[in-house]
Structure formats: C-alpha cells, structure tokens
Amino acid sequence: MRSSWSNKLSLIFGPRPPLNWLLLCLVSVLALIAVLGSSSSNTFDSLTPISVPDIYTNYRRLKEQAAVDYLELRSLSLGASRQRELGLCGRERENYVPCYNVSANLFAGFKDGEEFDRHCEVSRNREWCLVRPPKDYKIPLRWPAGRDVIWSGNVKITKDQFLSSGSMTKRLMLLEENQIAFHSEDGLIFDGVKDYSLQIAKMLGLSDDSQFLQAGVQTVLDIGCGFGSFGAHLVSLNVMAICIAAYEATGSQVQLTLERGLPAMIGNFITRQLPYPALSFEMVHCAQCGIVWDKKDWTLLLEVDRVLKPGGYFVLTSSTSQPYGSSLSMTNSMLTPMEEMTPKICWTLKAQQYETFIWQKTVDSDCYTSRKQGAIPLCNEGHDVRSYYKPLVSCISGTTNKRWTPIRNRSSRVQPDDFFEDLQIWRSALRNYWSLLTPLIFSDHPKRPGDEDPLPPFNMIRNVMDMSAHYGGLNAAFLEERKSVWVMNVVPVNALYTLPLILDLGFAGVLHDWCEPFPTYPRTYDLLHANGLLSHLSSERCSMMDLFLEMDRILRPEGWVVLCDKVGAIEMARMFATQIRWEARVIDLQNGSDQRLLVCQKPFVKK
C-alpha cells in the first residue's frame with residue numbers, strides 16, 4: 001500500500017516535489033493556524049469575561065506577521081515568469097472614473113437623480129488595464145505657474161463646450177491654442193474674485209479677507225466650485241478650500257481644479273452623506289452651485305449643517321445675471337422657505353448684500369432644546385460616527401459631539417501627544433523622501449567620490465495624497481519645510497479614526513475605503529504616499545492588483561509613489577509595480593527594522 005501511494009505521488013510530482021508545491025503547503029499550514037487561532041480566540045473571548053491584553057497583543061502581532069509572511073511567500077511562489085506587464089486600456093477610458101457610470105447605474109435601476117450618485121457596486125469586476133493619457137497630454141507646469149495656465153489636452157473639454165458655457169465662472173477661462181489661462185483678477189462673480197472675497201469678509205464684520213483666519217475660518221467646503229478661482233484666492237490667504245462637485249463627463253469642475261493644483265474631489269448632494277465627520281468646516285460656500293436646498297425635505301441643507309462647525313457660516317450666492325451693485329435680492333421663491341427653515345436648525349441670517357446671503361450656525365447647543373414644538377428632531381447620539389456615504393438623514397447631527405467647539409475658540413483645542421510624536425517622525429522622513437524624488441535613484445551608474453544627488457526643486461510636486469494619513473504628520477512636515485504642496489489626507493475606513501483631528505488642524509482630509517476607487521479623475525496627483533497600508537489591507541477583502549491599478553489611474557505620468565511597509569509587503573508591491581510598468585527600487589532604511597521603502601516612478605507612456 002505504501003509503495004503504491006509513493007508511486008502515485010511520484011507520477012504527479014516527480015521524484016522531488018517542486019518548490020512551489022512546498023511553499024503552497026507551508027502557506028496552507030499558516031492559514032490553517034490563523035483560522036483555528038481566530039476561532040478559538042473568539043470562543044475564549046465570548047466565554048471568559050477577564051481580558052488578557054498582553055497575550056492578545058502578542059497574538060495579534062503573530063497573526064499580522066503570519067499575514068505578511070504569507071504575502072512574501074505568495075510573491076516568491078508566483079515567480080518572475082508570471083510578472084507579465086499589463087496592457088493599456090482603450091482610448092475611450094482616458095478619463096475613466098469608476099463608480100460614476102451613469103448608463104450602468106440606469107441599467108441597474110437607479111433613477112430620480114440617483115443614477116448620478118456614487119455606486120461602486122455597479123463597477124466591480126473591472127478590466128485589468130492601464131488608463132492611458134490623452135494623445136496631447138503634457139506634464140503640468142510647476143506651481144505657481146500651473147495655477148493660472150494648464151494644457152488644454154490634459155482635460156476633457158472641447159472648444160465648443162468652452163465657448164458655449166454660460167457659467168460666469170467658466171467664462172473666466174481664455175482658450176489660447178493648446179493652453180487654458182485662468183485670470184482670477186478678472187473675476188469669479190461680479191467684479192472679481194478679490195472683490196467677492198472682500199465682500200464676504202465685510203459681511204462677516206471683518207476689515208478685509210486677510211482676517212478670515214483670525215475670525216476662525218480655516219477650512220472652507222466649496223460646493224460646485226466652478227474651476228477653483230475662489231479657492232485659489234483663499235489658498236493665497238492660507239485658508240484651505242476643498243472643492244466638491246458632481247461627476248461630469250466633460251468640462252469637469254473637479255478635473256480642472258485639480259489640474260490647477262488646488263484641492264478637489266467628486267462629491268454629490270443627492271442621496272448620501274459626504275465622507276466627512278460632523279463639525280468639519282468653518283465655512284460652506286455655494287455660489288451658483290445649482291442645488292435646490294429645500295428638496296427632499298431639506299435633507300441637503302441638513303447635510304450642510306452636519307459638516308458645519310458651531311459658529312460656522314453658510315455663504316449662499318444665488319444665480320443671477322445682474323451686475324455687482326444691483327439692488328435686486330434673492331427671489332422670494334427661494335428666500336421665503338430659507339427664512340422659515342433656518343431658525344428650526346438654529347441658524348441666524350448674519351448678513352445679506354445683493355445676491356449673497358450669509359447664515360451663521362449657533363454656538364450654543366442648548367438652542368436645540370429651546371426650539372418651538374415641531375422643530376427638526378435631533379439625531380441619536382453617535383449616529384454620525386465614521387460617516388462614509390451613509391444615506392442622508394432628516395435630523396440634526398453633532399449636538400452632543402465632544403468636538404462641539406465654537407470656531408473662534410479654535411486655539412483652545414489640545415492636540416494629543418501621538419500627533420507630536422507622529423510629526424517628529426515625519427520631519428526626518430520627509431527630508432529622506434525628498435532626496436529620493438529624482439530619477440538618479442533608478443540609475444545604476446556609480447557616482448564619483450564626493451558627488452551628491454541634487455535635491456529636487458521645492459515646487460517639483462504639487463498634489464500629494466497620503467493614502468494612510470494617521471495624524472497628518474506628513475502634511476505638517478511639508479508645511480514646516482515650506483514645500484509648495486497640498487496634501488489629501490486619506491484615513492482608511494478600518495484604521496484609527498483620526499480624520500476629525502486632521503480637519504481640525506486645517507488640513508484637507510477624507511474617509512475612504514481602499515477596496516473601492518477614489519472619487520477623482522485620472523492623472524490628478526503628483527505623489528502618492530502610504531505608510532503601513534499594504535499590511536493593513538492584507539486582511540481585507542481588497543484585490544491588491546485593483547489597488548495598484550487605482551493608484552496608477554490617479555497618478556500623473558512621471559509621478560511618484562513612496563510606500564513604507566514590512567519586507568514581505570514591499571516585495572509583493574514591487575512585483576505589482578513591475579506589472580503596471582513602474583520603475584521601482586527597494587531601499588533599506590538601515591535602522592535594523594524590518595521596514596523597507598519602495599520608491600516608484602510612473603513612466604510617460606506615449607502610445
């Protein structure tokens with residue numbers, strides 16, 4: 001019997017089992033241990049009320065290490081022969097944005113405006129291919145020149161669309177051969193963006209708009225931002241303005257704003273909450289944004305209230321063709337319902353001038369208990385924790401939140417010790433990162449003795465995404481080093497929930513599930529950074545190839561990727577980087593740890 005089984009095994013595997021088969025056996029044993037350990041741990045936790053934190057911590061560490069070992073073994077077992085480069089997608093996908101396929105959403109049964117909302121479940125099982133740049137794509141101009149002039153071939157907008165646009169914001173653009181120039185001096189609305197900003201400041205009782213920060217206005221959510229002219233002016237005042245606008249197949253506000261090097265992302269006021277926590281912004285701005293606020297039982301306006309901080313301002317400029325200085329006011333059909341609704345949510349009309357109205361949210365949470373009968377109800381405590389595209393609600397959020405702090409008392413907020421530790425780490429790490437952002441690291445030619453790699457210029461990159469932002473330490477380090485960048489700080493949905501802290505610091509940030517595509521257009525970021533994200537996602541349901549394809553989609557040609565993680569995760573990442581045609585180099589940190597850096601650059605594929 002024994003010899004019979006031996007002969008059968010020899011016929012299947014040969015006289016000596018192959019290395020891949022042995023590795024597969026080892027992986028299976030590790031996976032079995034993890035599964036059995038998980039089930040036994042869950043049973044123990046359910047039966048035993050006494051916690052043993054040291055043992056649990058060690059068990060978690062062993063489990064994480066097993067996952068990383070599995071990733072390393074898997075990358076080895078695949079072998080170099082299977083690392084086949086992926087092909088390019090068709091030209092029709094040059095501006096492809098997953099989750100916003102309107103025709104597919106209609107086919108899936110979404111209607112009444114929901115077809116324009118985010119539906120990632122409809123876009124699953126995507127084809128594995130690389131989104132190519134348009135035929136006339138050019139590397140963007142460096143900041144600040146790139147803020148005022150962009151290449152027309154980099155964005156999807158036709159000359160006819162450009163010339164036929166009736167929006168006052170879009171009329172600011174000048175199309176000259178292969179460039180689009182933005183003249184912010186010539187006006188966003190009425191007599192100019194500076195005059196408009198000054199008007200808002202004076203309506204708030206300030207002498208000029210340079211006092212926005214002193215008045216507590218540090219972050220602004222700009223809804224339907226046009227092409228970012230108002231945000232560009234606020235950035236010059238050190239105010240962080242984040243543009244959100246609906247997905248547009250052509251002439252996208254978000255795409256052009258990001259191409260100018262300004263913070264923006266796709267975001268809708270349709271059926272779902274925005275991926276921000278309650279009490280996130282000091283000002284919400286809507287200038288001709290096209291939203292009818294009294295629709296759907298005022299849930300759209302209640303979403304503004306949810307993200308607005310105590311004492312914050314809602315600035316609404318209505319659509320009108322009247323020139324600056326006109327005595328006309330907002331039409332009664334819109335103003336009267338707003339006048340009736342705003343007291344019910346404890347807003348007061350602070351100022352009104354021409355077509356611009358400013359409401360202020362109360363700083364007193366007791367206001368909600370002293371309202372008349374029939375007022376908008378309060379949401380249940382804790383309902384808005386980790387708001388990630390949840391359905392809109394018809395109740396008032398955040399009234400019992402520990403972050404209920406009036407905007408003018410912002411200096412009284414205390415940062416946790418973990419933030420300062422995080423900042424200290426990234427101060428030194430950023431200097432190392434910056435020195436690596438040069439193609440010389442991919443050169444195998446040795447340097448002459450005494451030569452040093454030249455540091456990249458301070459404005460080499462502009463749009464940065466930290467895919468696992470932790471406390472925003474990398475963003476803070478960029479500011480200290482006076483690099484001309486802004487950072488989209490992404491907090492993964494299953495990571496430590498630090499997004500409220502990041503937004504309170506005045507940084508751009510958002511909650512995101514990296515098992516799904518990010519709500520932006522292709523080629524909108526110059527640098528992607530992630531620390532520990534791959535190990536974190538190894539236990540998730542995500543496809544790593546989908547993640548790397550998404551990174552490639554949102555990264556511009558000649559853009560950079562810096563990943564910091566454990567050895568096994570980095571080796572696996574290098575394999576994927578090879579498949580999507582990135583140049584990649586693993587760098588040992590030389591600190592005795594099992595952490596490695598993977599520095600990649602995306603090539604400019606011209607086909």
Count the heavy atoms belonging to other residues, nucleotides or ligands that lie under 6.0 Å from NZ of Lys390, then report whether that count exceeds 12. yes

With side-chain contact (heavy atoms from CB on, under 4.5 Å) as the criterion, how do Thr520 and Tyr525 come out once you've worked through the C-alpha distance, each side chain's angles and the decisive distance to 0.1 Å? CA-CA 10 Å; Thr520 191; Tyr525 285 88; 4.3 Å; yes

Judged by atom type as modelled, is there a donor-acceptor pair below 3.5 Å linking the side chain of Arg581 to the main-chain atoms of Leu86? yes

Could you check whether the rings of Trp514 and His512 sit parallel, tilted or perpendicular, using 30° and 60° as the cut-offs? perpendicular

Min side-chain heavy-atom separation Tyr389-Pro519 under 4.5 Å: yes

When the ring centroid of Trp426 is compared with that of Phe478, is the distance short of 6.0 Å? no

Is any side-chain heavy atom of Ile570 less than 4.5 Å from a side-chain heavy atom of Leu563? yes

Where the side chain of Asn105 meets the backbone of Glu115, is there a donor-acceptor pair that is under 3.5 Å apart? yes

Lys309/Asp504 salt bridge by N-O under 4.0 Å criterion: yes

Step by step, would you call Glu516 with Tyr388 a side-chain hydrogen bond (donor to acceptor under 3.5 Å, both in side chains)? CA-CA 12 Å; Glu516 299 175 352; Tyr388 186 68; 2.9 Å; yes

Would Tyr137 and Phe604 count as a close aromatic pair, with their ring centres under 6.0 Å? yes

Exam field: side chain Thr498 to backbone Leu501, donor-acceptor pair closer than 3.5 Å: no

Can Ser152 and Asn154 be counted as having a side-chain donor-acceptor contact under 3.5 angstrom? no

Determine, for Glu571 against Arg596, whether the closest basic-nitrogen to carboxylate-oxygen distance falls under 4.0 angstrom. no

Treating Lys361 as the side-chain partner and Asp305 as the backbone partner, does any N or O pair qualify as donor plus acceptor under 3.5 Å? yes

Would you confirm whether Lys138, through its side chain, and Gly153, through its main-chain N or O, come within 3.5 Å as a donor-acceptor pair? no

Under 3.5 Å, is there a donor-acceptor pair between the Asn489 and Asn475 side chains? yes

Just by distance, no angles: are the side chains of Tyr521 and Ser252 close enough, under 3.5 Å, to form a donor-acceptor pair? yes

With no hydrogens and no angle check, do the side chains of Ser535 and Asp565 hold a donor and an acceptor under 3.5 Å apart? yes

Would you say Met283 and Val315 make side-chain contact, with heavy atoms under 4.5 Å? yes

Does Glu248 come within less than 4.0 Å of Lys156, counting only side-chain N to carboxylate O? no

Can you tell me how far the CG atom of Leu279 sits from the CG atom of Leu503, to the nearest 0.5 Å? 11.0 Å

Asp297 atom CG, neighbour heavy-atom count above 12 within 6.0 Å: no

Tightest non-hydrogen contact, residues Gln595 and Cys564, listed as OE1-SG, 3.8 Å

Counting only N and O atoms by type, is there a donor-acceptor contact under 3.5 Å from the side chain of Arg553 to the main-chain atoms of Tyr96? yes

From CH2 (Trp560) to CD (Glu583), nearest 0.5 Å: 8.0 Å

Donor-acceptor pair, distance only, cut-off 3.5 Å: does the side chain of Asn101 make one with the backbone of Ala104? yes

To the nearest 0.5 Å, what is the distance between CZ on Arg93 and CZ on Arg91? 14.0 Å

Out of curiosity, Ile461 CD1 to Glu558 CD, how far, rounded to the nearest 0.5 Å? 14.0 Å

Applying salt bridge (Lys or Arg N to Asp or Glu O under 4.0 Å), run through Arg462 and Asp526 and close with a yes or a no. CA-CA 6 Å; Arg462 174 63 184 169; Asp526 306 314; over 6 Å; no

Side-chain contact test, heavy atoms from C-beta onward, threshold under 4.5 Å: evaluate it for Cys542 versus Leu547 and give yes or no. no

Considering non-hydrogen atoms only, spot the tightest contact between Cys600 and Ala584 and give its length. SG-CB, 3.7 Å

Is there side-chain contact between Val239 and Val220, with heavy atoms separated by less than 4.5 Å? yes

If I take atom CE from residue Met265 and atom OG1 from residue Thr257, how far apart are they, to the nearest 0.5 angstrom? 13.0 Å

Examine distances only and state if a side-chain atom of Asp513 and a backbone atom of Cys515 form a donor-acceptor pair shorter than 3.5 Å. yes

Could you check whether any side-chain heavy atom of Met488 comes within less than 4.5 Å of a side-chain heavy atom of Val464, counting everything from C-beta outward? no

Residues Trp486 and Asn463: side-chain donor-acceptor under 3.5 angstrom: yes

Do Asp422 and His470 get their side chains close enough for a donor-acceptor pair, meaning under 3.5 Å? no

Do the rings of Trp293 and Phe269 sit parallel, tilted or perpendicular, given the 30° and 60° boundaries? perpendicular

Check step by step if ring-ring contact (aromatic ring centres under 6.0 Å, His included) holds for His285 and Phe314. CA-CA 6 Å; His285 174 254; Phe314 178 50; 9.1 Å; no

Correct closest heavy-atom pair for Ala573 and Leu534 would be CB-CD1, 3.5 Å

To the closest 0.5 Å, what do you measure between CG (Leu430) and CG (Leu423)? 10.5 Å

Under a 3.5 Å threshold, yes or no: a donor from one side chain and an acceptor from the other, between Thr271 and Asp117? yes

Test item: side-chain donor near acceptor, Ser387 and Gln273, under 3.5 Å: yes

What verdict does the ring-ring contact (aromatic ring centres under 6.0 Å, His included) test give for Phe281 and Tyr276, after you've listed the backbone C-alpha separation in whole Å, the side-chain angles of each residue and the deciding distance to 0.1 Å? CA-CA 9 Å; Phe281 299 96; Tyr276 307 118; 5.2 Å; yes

Could you tell me whether a side-chain N or O of Arg306 sits under 3.5 Å from a main-chain N or O of Cys395, the two making a donor and an acceptor? no

So which heavy atom on Cys129 is nearest to which on Leu549, and how close? O-CD2, 3.6 Å

Just checking, is any N or O donor in the side chain of Tyr100 or His119 under 3.5 Å from an acceptor N or O on the other one? no

Would you indicate whether the side-chain heavy atoms of Arg523 and Leu555 approach each other to under 4.5 Å? no

Applying salt bridge (Lys or Arg N to Asp or Glu O under 4.0 Å), run through Arg272 and Glu303 and close with a yes or a no. CA-CA 9 Å; Arg272 302 185 186 185; Glu303 177 63 3; over 6 Å; no

